[in-house]
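Take a look at the structure set out below.
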Amino acid sequence: MHTTRYRHYKGGIYELLCEATLESDHTVTMIVYKAANGTIWTRPASVFFETIEHDGAKVPRFAAID
């Protein structure tokens with residue numbers, strides 16, 4: 001299975017593990033991802049894939065790197 005890695009705008013590399021539906025609100029898709037140190041994180045897809053402002057430029061919060 002091919003996994004996709006993303007670079008956080010602050011520089012960290014994360015591996016997207018899967019998408020999941022939030023149990024308490026079925027309209028919310030969560031992204032489950034893993035840091036290089038093995039820590040598992042979740043974040044709403046709308047936040048994971050959003051564009052933010054950083055150092056005066058609009059950048060993706062997470063940008064796919066492969």
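Note that the numbering runs from 1 along the sequence shown for the chain. All values derive from a computational prediction rather than experimental measurement.
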I13 CD1 to R5 CZ distance, which is reported to the nearest 0.5 Å: 6.0 Å
Can Y14 and H8 be said to form a side-chain contact (heavy atoms from CB on, under 4.5 Å), step by step? CA-CA 7 Å; Y14 298 87; H8 188 266; 3.7 Å; yes
With a 4.5 Å cut-off on side-chain heavy-atom distances among I, L, V, M, F, W and Y, is there a chain of contacts connecting Y9 to V47? no
Pairing residues for Y6 by the ring pair (Phe, Tyr, Trp, His ring centres under 6.0 Å) criterion, not counting sequence neighbours: F48
With a 4.5 Å heavy-atom cut-off, do V28 and T21 have their side chains touching? no
Sole candidate of L22, V32, I31 that passes side chain to side chain contact (heavy atoms under 4.5 Å, CB included) when paired with T42: V32
Side chains of F62 and F49: closer than 4.5 Å at any heavy-atom pair? no
My understanding is that only residues two or more places apart in sequence, or in another chain, count here; which of them pass salt bridge (Lys or Arg N to Asp or Glu O under 4.0 Å) with R61? E50
Side chain to side chain, Y33 and R43, heavy atoms closer than 4.5 Å: yes
Quick check for you: to the nearest 0.5 Å, what is the distance between W41 atom CH2 and M30 atom CE? 12.5 Å
